[in-house]
Amino acid sequence: MHKRYLSIIFVFLFFFGTFSFLYFLKADSVKSQTDLVSISDTISTSHPNVEADHRVRFTATADVPGLGKIVIKPVSKEGSAFYTPPEMNYSDVALYINAEEKPLGANPLEDVSGVSIVSGVDGQVTVTLAENLSLSEGDVVVVRIGGENKITNPVNTGAYWIDIEILDDADSLLSYGQAAIFVVNPVSVGVAPVFPEPIVRTIEAGVVGASSVVLRGELLNLGPVDYVDVFLQYREKEAETWNETGKFGRSEIVLFSDFVGGLEMGTEYEFRAAAEWYNEEEEELQQVYGEIVDFVTMEQEPGEEDGTGEYDDPGEYDDPGVGDGTGRAEGGAGGPDDGIREGEPADPPPPEIQDPPPYLYLQGWAYPGGEVTLLKDGEVFAETGADSSGEFEIEVNTPLSGHFNFLLKVEERENLVSTDISFTLETEPARGITIRRILLSPTLEAEKENFVTEENIVVFGRGVPGEEVNVRILKDSERVSDQTVDVDSGGEWSLALNPGELERGRYLVIVRSFAFEEESAFGGFLRINVGEVGCSAADITGDGNVGLSDFSILMHYWGTGELRADINNDGVVDMVDFSIMMNCWTE
Amino acid sequence: MKARKLTKKNQIKVATVFLLLLSFFPAKILAVSVYVEPMVSQYQTDDVFILEVKANIKDQCVNAVRIDLVFPTEVLEGKYFSEGGSLLQLWPRPIHIDNERGVVSFIGGIPGGHCGSIEDKEVLFGRIAFKVKKVRTITEKDVRILESSRVLLDDGEATPVEFTKIGGRFVISPERRDIPLDAWDEIKTKDKEPPADFFPEIRQEELLFDGKQSLFFSTTDDQSGIDYYELSEQRRVGFFPVERENWRRVESPVVLKDQQLRSIIKIRAVDRAGNKRTKVIHPSPGWQDFVPWIIAGLLLGGLLLWQFKKLEKLKNINHKI
């Protein structure tokens, strides 16, 4: 009995202790102000000089009050720019906050956000939040641009940037970010040129029973079209007509299968994979077939194993390999219809398979020793390292088909710094994409964030050896300093800012690389605060007294990040600033 | 607050007073006005009455107010100031009632400001409880809002608003009621609600108290107003307090005695009617919190093992028997 009591007490104490531990682990979260995260601009087409829809997405990292602004500004390059048509208006724009669409109009109202558009080659789209609409830290914001009127992609291929600025109701910069857009001209790669027609192959029948079977096929190439119907045909050996399974529409290479029942026991059958598409030139439906494959049903029912229906829906195509199983050319079991489109006397040979150049090739520069990772839709897709000159190359040798979000990230684990760009690409299995001269922004660090007025401020980081880094300092969206420094042969750069140059206030430092006649996007996004010590910061009006006028300004900016009233420079005007002001009161 | 009904004779007097008061007003009546209520009233010796300081801000947006009010010390004694129900939420300076000079001064603010409208009703800035002193004859005295009072626009520039200041006149009679009027007591009696919920925060600020761990807090009470705050820091071991609550009166911000944050911190707001609202903060646990549990676990484990072995031994003996 004693043992039982003690066990109960012990279990009770164990759970109580665990509960207490978990309860007390709820530490207060620390608010920090960083720049936009998960930023991307997905475009409907990345081809040059064509109209495209833009889907700008980001996660807010600061609270934005009503009448705050989201400014989306495509950045032009010399001789090549995005073009915003003058006809574009609010009806071409949509705003979603946490997946909920918000009403838009020409001007901001109580519950309607306003959209203003600057057209032309230096166009921009500004969404002013409705009076009653605000953003909270962590909100996912999507701005879709492109309805009846769309932004036209630049004429030249290359990497382009979309600036995204988040302003408060007084037009002070709260957050800033850049999304990358690669305008590319997809080119056919030798390994998988455009085939004149879709290609399918037949795969051995699986799970053969006495009266049922699972038939399987594979769509290897879409050929000249974007969409085909895939299906399977079967019949008793050398019968005249084919039976067909249901058709599934597919727009990418895929393994497909279907369950067929009602077959005769102990009978020899044959089947083949098939695809059907609409030929626009000839204005007719056309079909292609894989090789014919035989199977024989069992002499008696195998019981429950028959007809499991395991493959009743086409599965995903994992790794087709390069040029594997182009069944139309290889023929099959023979017969008049073997791999031949109906009505045609001969089968044209498939393109010759060569050593594969990559389906996706990326080349660019970051900084020496950087670990380069390419993520596709959030998963690691390829990894490599930057060499001593900061150059990196990535080759992807598997076909890609679809619209993907990529993130190219370069990290230096020793110093826990990284730089990245995200972009979207429209890929096709038969086409390769080569992007060269990608220049990533340099890294940016400072020994601390808060500086006393007149204190020496040094910023530093890593970039492309022998090239230049442009350091820009912004205050309230206005440029206060723009300097260029050389990167040494080891990839290090540093800049001592002139102490007298930065007065009291909060600054955003951004950096970009100039290298090999390219310029990177701005990165870094380091916030530094230059402030007064003691009560001089509480004297907001600067009249030598801390009193009612300072208090009024503090009340006005309560809850915002207004620099004048943020006495302790922590990014928000709150009770602490009020307490400091009380402490410093002189009137 | 119940004022005594005026006699006909006094009504004539009051009307005269009112006309006199109006004659003090500037030629141009300004849109915003700050006034006291009641404007005209009559009290007796030892009455305690409430003078409300109110405003009609019309369509202006304001965020900070300083009111300086003078009262006749020969007939009135300022007893209490209550911010209960006030539009003002933050009070940067202690409210000061100077019974020698006869001045009540207060400064308050509204985070984010407050905008009125043309049809807007009056807003309350604060309430002052006065006790009537003994007088020999019927005495008429004024309470005035001084020119040093200010109302500032919520425009980020602290622009002062021109406003009309309307004081009050009181007729004090020498009689004393059997039970003198006590409007302050009425407010306290009616107040059954605790102060509003609040969220105290422990912060370290370089600019305050040399960066020591400090507690920041503030709340309001819509009825009688906040009287004071009390703080208790109880040492804890294994998440549990090991000493009694030790309350002390504090004002925000307050430096915590336990800079290691090893205590259970309780802060409570007490309104003038004695209603309390207490908030408890458990700072993040440290390794010390787990030591007693680990020791207890080891002891219990050992005890269980010992019991188990003892039982086994008994079983063996029984088996042999």
Side-chain angles (χ1 to χ4, degrees), chain A residues 2-7 9-11 13-14 16-18 20-21 23-28 65 170 450 531-535 537-538 540-541 546-560 562 564-565 567-570 573-585 587, chain B residues 61-66 89-93 107-113 150-160 199-203 205-209 214 216-218 238-240 251-253 281-285 289-290 292-294 296-297 300-301 303-304 306-308 310-311:
Chain A
H2 285 299
K3 188 181 170 187
R4 181 182 291 175
Y5 287 137
L6 284 170
S7 301
I9 291 167
F10 183 74
V11 168
L13 287 173
F14 174 77
F16 186 76
T18 308
S20 305
F21 174 71
Y23 178 78
F24 281 94
L25 268 186
K26 290 191 300 180
D28 289 342
N450 296 307
E532 303 287 346
V533 179
C535 293
I540 302 172
T541 55
V546 178
L548 191 64
S549 300
D550 307 296
F551 179 55
S552 171
I553 294 169
L554 187 87
M555 292 293 98
H556 179 73
Y557 291 112
W558 192 268
T560 71
E562 170 61 31
R564 284 203 299 160
I567 297 169
N568 65 344
N569 269 334
D570 68 345
V573 180
D574 61 4
M575 186 59 71
V576 177
D577 303 297
F578 173 68
S579 298
I580 296 168
M581 181 171 280
M582 283 199 303
N583 208 37
C584 298
W585 200 275
E587 278 185 359
Chain B
C61 293
V62 300
N63 65 14
V65 167
R66 174 198 174 114
Q89 294 167 32
L90 292 176
W91 308 81
R93 309 307 302 153
I107 296 173
I110 312 140
R150 290 166 78 191
V151 175
L152 301 187
L153 284 181
D154 182 35
D155 60 356
E157 299 299 331
T159 307
F199 303 95
E201 230 183 311
I202 298 171
R203 297 272 291 265
E205 286 300 323
E206 284 176 31
L207 299 176
L208 282 172
F209 315 124
S214 311
F216 294 77
F217 50 89
S218 177
F239 302 121
F240 292 102
E251 286 181 357
S252 177
I281 303 172
H282 296 275
S284 301
D289 288 303
F290 300 102
W293 292 101
I294 293 165
L300 280 167
L303 201 64
L304 277 173
W306 176 64
Q307 285 287 325
F308 180 72
K310 197 174 162 186
L311 279 171

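Naming: A, B, ... by sequence-line order, numbering from 1 per chain.
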Steps toward side-chain contact (heavy atoms from CB on, under 4.5 Å) verdict (A/Met581, A/Ile540): CA-CA 10 Å; A/Met581 181 171 280; A/Ile540 302 172; 3.8 Å; yes
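- Of the atoms belonging to B/Val65, it is backbone heavy atoms, and not side-chain ones, that fall under 4.5 Å from chain A.
- With chain A as partner, the option from B/Thr159, B/Leu90, B/Val62, B/Asp155 having the largest number of non-hydrogen pairs under 4.5 angstrom is B/Leu90.
- If you measure heavy-atom distances from B/Arg203 to chain A, the contacts under 4.5 Å come from the side chain alone.
- Residues A/Phe551 and B/Ala64 come closest through the heavy atom pair CD2-CB, 3.9 Å.
- For chain A, the nearby part of B/Trp91 is the backbone; its heavy atoms alone come within less than 4.5 Å.
- Here A/Val576 is the residue among A/Val576, A/Val573, A/Asp574 with the most heavy-atom pairs under 4.5 Å with chain B.
- No donor-acceptor pair under 3.5 Å is formed between the side chain of B/Arg66 and the backbone N or O of B/Gly108.
- One finds the CH2 atom of A/Trp558 at 11.5 Å from the CG atom of B/Asn63 (value rounded to the nearest 0.5 Å).
- Neither the backbone nor the side chain of A/Asp550 comes within contact range of chain B; no heavy atom of the residue lies under 4.5 Å from a heavy atom of that chain.
- Of the atoms belonging to B/Glu157, heavy atoms from both backbone and side chain fall under 4.5 Å from chain A.
- Of the listed residues (B/Gly156, B/Gly109, B/Gly113, B/Cys61), the one with the most heavy-atom contacts under 4.5 Å to chain A is B/Gly156.
- A distance-only check finds no donor-acceptor pair linking the side chain of A/Ser552 to the backbone of A/Leu548 [under 3.5 Å].
- Minimum heavy-atom separation, B/Arg93 to A/Met582: NH1-O, 3.0 Å.
- Proximity to chain A (any heavy atom under 4.5 Å) is restricted, for B/Ile110, to the backbone atoms N, CA, C and O.
- For the residue pair B/Pro92 and B/Ile107, the shortest heavy atom distance occurs at CD-O, 3.3 Å.
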